[in-house]
> 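Pasting in a structure now, in structure tokens, and then I'll have a few things to ask.
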Amino acid sequence: MSIVKSLQQCAIESLPALFDQSFTEKDFQVNQTKPEFEGDYTVVMFSLVKSLKLSPDAIGNQLGEHLTKNYPHLFTKFNIIKGFLNLTVADDYWMELLNKNYNDICYGKKEMNGKKVMVEYSSPNTNKPLHLGHLRNNFLGWSVAEILKANGYEVIKSCIVNDRGIHICKSMIAWQLFANGATPESTKTKGDHFVGEYYVKFNDVYKKETEELIASGKTKDEAEKEAPVMKATQQMLLDWENGKPEVMELWKKMNGWVYAGFDVTYKRIGSDFDKVYYESNTYLLGKDIVQQGMEKKVFYRKDDSSIWIDLTAEGLDEKIVQRRDGTAVYITQDIGLALQKYEQYNIDKSIYVIGNEQNYHMKVLQLICQKLGMPNAENIFHLSYGMVELTTGKMKSREGTVVDADDLVDEMIATSKQHTEELGKVKDFNEEELKELYDTIGIGAMKFYLLRVDPKKTMVFNPEESIDFHGFTGPFVQYTYARIQSILRKAAGNEQWAVGNGQPAMTIDSMTNDLLKLEKELIITAEQYPAAIEQACIELNPSVIANYIFHLAKTFNSFYTEHSIANAETEEKRQLRLKLSLLTANIIKSGMHLLGIVLPERM
RNA sequence: GGUCCGGUAGCUCAGUUGGAUAGAGCAUCAGCCUUCUAAGCUGAGGGUCAUUGGUUCGAAUCCAAUCCGGAUCACCA
């Protein structure tokens, strides 16, 4: 049990003895004591004033007396300042924690809870390469999946690939018209970038053609419909739907190029999936559902024979679920896939990592699923994240301001190489080791940068800031870890330290002298790790972990500069500090893993 | 126009179910490498928490109104 919970429990047990009333956890608001006051944790008395009809200080005095008297192994001292009861936690309690609950704190892992969750993320289109926004999505999805696992859920990572439709045909048409048989191999271009170039080409040509038509007297609408390249594209979509062999072949060939490119990127950034859905397989799903919806009278048919659902009672609009020509719309496929997920995996919860531009769509999807009586429809959860903007404004593909994922990764790695070379600390590394280190730091910096912000919020990507490796960054945390490993290596090789195997003594006897301020601060912070994991899970928010780990690393660095481990005052102090260092390193490794960030042993 | 989200230091962000003098990082300035990795540490300056009103012992946090920014409201996906 965490110290905060223990404190609340003690208070719940104490107060009835004093005042003949019963209380719950919620009555006791516990905060960490502000540094300017004496004590470790603080209970706010104001919330009790009304029910007890006493002054805050009076209640605090009685509770403080009672706690220190009845729980001396937990609380040694108290003071009251303006209605705040500050309690000092016994050193022995912290020592016991280091001895007995060491592993619980290091990894914060909960028992399996028997619940199964699917996390769908990434969801790329096969007509262009991944960009900065996809990176936020990928890092978020992966991290949230790991956070759920750490909290005892069984997790299935899934991905829906949007591999068909008019936008895919656009790049296909452009390739047919302009490529002269060029391939990624012949041009030495990464497959997804290669295909993306033809998507851009399509838009250039399309724009030119519509402008010419408008110049010749057509309206904008007419021009957009009649542009030859668009007509060809629409024909190609029909041909695709009819399975025309040469179109299918081209489609498979070009998508194959894109997948080869994506594989490289996914591997570099460490994204993986347990199940990949392809829209070309799922786009016909949902047709049966329309039928069921008609029978259940959830849907209704309009005069032109299109099918709708009325969500005006829920404050939304009427939504079409089937066109008058009988074909399914986007949302119908989504309903079908949502149902298939439940049927195939029997999941308890279905999380969708999708940008907040689709908030409305996802709300509609969930409502329809509920109205259709789908099992667990109330456990569909849209993990809605904010857009990534640039300091100059939004990313716009038409204006060429999109930050490409591969370019960004390259830049981050190049920057980490440059910094590492300037510092010159790993001159004995061979080429392979260096390459691995540059990747670890560069990609770690990028992930941390994108995950340290609350997912819900729109965030600004500042290129200069993102390659900064000081302060609240991934490399700062990695550096702290590498520092600790350096100490532990030294300890392992030094017989004077009396820890031959590199591990500090697992049991530290009660200290003969008090814990120093920074030692205690480090233990207190470490003890909060399991609570951080839990909070991150409740909020599905990796930034909780990022903020926590940064705070821990900072606390360690202060401790490290202030107190020598090698030249500790006594042998027991040295053992304690070694143990605290190892504890910190283990938490950092565990927490950074939840963010998908790898740690170097040296840097 | 309807709905939803946001506005905290020059910049990027934290800020728990309302709690003590609103915190970090970057940037600026001043210090610290003979001792376990200076990608570090210590300190300083920097705030009308968009505005106004309300709720109460207490509001950045809750409520209302207003201002500003964004998203969305397709027989597109």
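By convention in this document, chain letters (A, B, ...) are assigned in the order of the sequence lines, proteins followed by strands, and residues within each chain are numbered from 1. Owing to the predicted nature of the structure, the values given are computational and were not obtained by experimental measurement.
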> Rounding to an integer number of angstrom, what distance separates rG45(B) and rC63(B) when you compare their P atoms?
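The same atom, P, in both gives a distance of 36 Å.
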
> How would you label the contact of Phe472(A) with the nucleic acid (heavy atoms, under 4.0 Å): base, sugar-phosphate, or nothing?
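Touches sugar-phosphate only.
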
> Tell me whether the side-chain N or O atoms of Thr42(A) pair up with the base of rA20(B) as donor and acceptor below 3.5 Å, since no angle test is needed here.
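Yes.
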
> So if I take every side-chain heavy atom of Met459(A) and compare against rU21(B), rC73(B), rC13(B), which nucleotide ends up nearest?
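So the nucleotide nearest the side chain must be rC13(B).
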
> Could you check whether Lys554(A) gets within reach of a base, just the sugar-phosphate, or nothing at all, counting any heavy atom under 4.0 Å?
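Touches sugar-phosphate only.
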
> Counting side-chain heavy atoms from C-beta on, which of rA20(B), rG19(B), rA24(B) comes nearest to Phe550(A)?
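The answer is rA24(B).
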
> Could you tell me how far apart Phe469(A) (CZ) and rG25(B) (C1') are, to the nearest whole angstrom?
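Roughly 15 Å, once rounded to whole Å.
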
> Tell me the interatomic distance from Asn31(A), atom CG, to rA20(B), atom P, rounded to whole angstroms.
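The answer, rounded to whole Å, is 8 Å.
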
> Would rC63(B) be called syn or anti, given that syn covers angles within 90° of 0?
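rC63(B): anti glycosidic orientation.
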
> By nearest atom, which of the nucleotides rC36(B), rC76(B), rG19(B) is closest to the Val44(A) side chain?
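The answer is rG19(B), which lies nearest to the side chain.
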
> Can Asp325(A) and Thr327(A) be counted as having a side-chain donor-acceptor contact under 3.5 angstrom?
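Thr327(A) and Asp325(A) do have a side-chain donor-acceptor pair below 3.5 Å.
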
> Of all the choices, rC26(B), rU72(B), rA77(B), which nucleotide is nearest to the side chain of Tyr360(A) once you look at every atom?
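Closest of the options to the side chain of Tyr360(A): rU72(B).
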
> Answer yes if the side chains of Thr33(A) and Asp40(A) hold a donor-acceptor pair under 3.5 Å, and no otherwise.
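There is no such pair between these side chains.
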
> Has Phe84(A) got its ring stacked on rA20(B), by the test of a centre gap below 5.5 Å and a plane angle below 30°?
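One would call Phe84(A) stacked on the rA20(B) base.
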
> With sugar-phosphate meaning primed atoms plus P, OP1 and OP2, does Gln29(A) contact a base, only sugar-phosphate, or nothing at under 4.0 Å between heavy atoms?
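It contacts base atoms.
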
> Could you tell me whether Trp251(A) and Tyr278(A) have their ring centroids closer than 6.0 angstrom?
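No; Tyr278(A) has its ring centre 6.0 Å or more from that of Trp251(A).
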
> For Arg452(A), answer base if it contacts any base atom (sugar-phosphate contacts may also be present), sugar-phosphate if it contacts only those atoms, and nothing otherwise; contact means non-hydrogen atoms under 4.0 Å.
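Since only primed, P, OP1 and OP2 atoms lie under 4.0 Å of Arg452(A), the category is sugar-phosphate.
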
> For a quick check under 3.5 Å, do Asp334(A) and His361(A) share a side-chain donor-acceptor pair by atom type?
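Per modelled atom types, Asp334(A) and His361(A) side chains form a pair under 3.5 Å.
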
> Take Glu433(A) and Arg602(A) through the salt bridge (charged side-chain N to carboxylate O under 4.0 Å, His left out) test and state the conclusion after the steps.
CA-CA 10 Å; Glu433(A) 288 169 328; Arg602(A) 285 179 57 193; over 6 Å; no

> Hey, is Phe37(A) doing a stacking thing with rA20(B), by the 5.5 Å centroid and 30° angle criteria?
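Given the distance and angle limits, yes, they stack.
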
> Any Lys/Arg nitrogen of Lys5(A) or Glu25(A) sitting under 4.0 Å from an Asp/Glu carboxylate oxygen of the other?
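Looking at Glu25(A) together with Lys5(A), the answer is no, because their closest N to O distance does not fall below 4.0 Å.
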
> What is the distance, to the nearest angstrom, from the CG atom on Asn125(A) to the C1' atom on rC76(B)?
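Result: 12 Å.
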
> Looking across every strand, which nucleic acid part, if any, lies under 4.0 Å from Ser384(A) by heavy atom: base, sugar-phosphate, or nothing?
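Since no nucleic acid heavy atom lies under 4.0 Å of Ser384(A), the category is nothing.
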
> Can you see if the side chain of Arg164(A) gets near the phosphate of rA77(B) - specifically, an N or O under 4.0 Å from OP1 or OP2?
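No, because none of the side-chain N or O atoms of Arg164(A) sits under 4.0 Å from OP1 or OP2 of rA77(B).
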
> Roughly how many Å is it from CD in Glu357(A) to P in rA74(B), rounded to a whole number?
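Rounded to whole Å, this separation is 16 Å.
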
> Distance check, C1' atoms only: rG25(B) and rG19(B), in whole angstrom units.
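Pairwise C1' distance, rG25(B) against rG19(B), rounds to 26 Å.
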
> If you check every side-chain atom of Ser558(A), which of rU42(B), rA77(B), rA38(B) has the closest atom?
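Output: rU42(B).
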
> In terms of side-chain heavy atoms of His167(A), which of rU17(B), rA77(B), rC13(B) is nearest?
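So the nucleotide nearest the side chain must be rA77(B).
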
> Answer with yes or no whether Asn86(A) presents, from its side chain, a donor or acceptor under 3.5 Å of a partner atom in the base of rA20(B).
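Such a pair exists between side chain and base.
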
> Testing Phe550(A), Tyr481(A), Phe469(A) for ring-ring contact (aromatic ring centres under 6.0 Å, His included) with Phe476(A), which one passes?
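It is Phe550(A); the other options fail the test.
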
> Quick one: label Thr473(A) by what it contacts on the DNA or RNA (base, sugar-phosphate, nothing), any heavy atom closer than 4.0 Å.
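Answer is nothing: Thr473(A) stays at 4.0 Å or more from every strand.
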
> For the pair made of OH in Tyr385(A) and P in rU72(B), what is the distance, rounded to whole Å?
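My rounded result for the distance is 13 Å.
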
> Is a side-chain donor-acceptor pair under 3.5 Å present for Ser171(A) with Asn127(A)?
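No, no side-chain donor-acceptor pair sits under 3.5 Å.
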
> As a test of reading the structure: which of rU3(B), rG25(B), rC36(B) is closest to the side chain of Lys363(A), going by heavy atoms?
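Nearest to the side-chain atoms of Lys363(A), counting from C-beta on, is rU3(B).
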
> Taking atom C1' in both rG69(B) and rC62(B), compute the distance separating them and give it to the nearest angstrom.
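The same atom, C1', in both gives a distance of 24 Å.
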
> Round to the nearest Å and state the distance from Ile81(A) atom CD1 to rA20(B) atom C1'.
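So the CD1-C1' distance, Ile81(A) to rA20(B), works out to 9 Å.
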
> In this structure, how many angstroms lie between the C1' atom of rC41(B) and the NE2 atom of His563(A), rounded?
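Whole-Å distance recorded here is 13 Å.
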
> More 5' along RNA chain B: Ser47(A) or Glu389(A), using each one's nearest nucleotide?
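Its nearest nucleotide being more 5', the pick is Ser47(A).
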
> Indicate, with a heavy-atom threshold strictly under 4.0 Å, whether Phe476(A) touches base, sugar-phosphate, or nothing.
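Sugar-phosphate, no base atom in range.
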
> Please determine, for the side chain of His470(A), which listed nucleotide (rA20(B), rG19(B), rC26(B)) has the closest atom?
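Of the options given, the side chain of His470(A) lies nearest rC26(B).
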
> So Leu316(A), base contact, sugar-phosphate only, or nothing? Heavy-atom distance under 4.0 Å.
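No contact.
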
> Using the side-chain heavy atoms of Lys457(A), tell me which of these nucleotides is nearest: rC26(B), rG7(B), rC36(B).
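Nucleotide nearest to Lys457(A)'s side chain: rG7(B).
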
> For Asn162(A), which contact category applies under a 4.0 Å heavy-atom criterion: base, sugar-phosphate, or nothing?
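If one applies the 4.0 Å heavy-atom cut-off, Asn162(A) turns out to touch nothing in the nucleic acid.
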
> Which one, rC75(B), rA20(B), rC4(B), comes nearest to the side chain of Trp308(A)?
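Of rC75(B), rA20(B), rC4(B), rC75(B) is nearest to the side chain of Trp308(A).
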
> Reckon Asp454(A) touches a base, only the sugar-phosphate, or nothing at all at heavy-atom distances under 4.0 Å?
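It contacts sugar-phosphate atoms only.
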
> Write down the distance between OH (Tyr548(A)) and P (rG15(B)), rounded to a whole number of angstrom.
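Rounding to the nearest Å, OH of Tyr548(A) and P of rG15(B) are 16 Å apart.
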
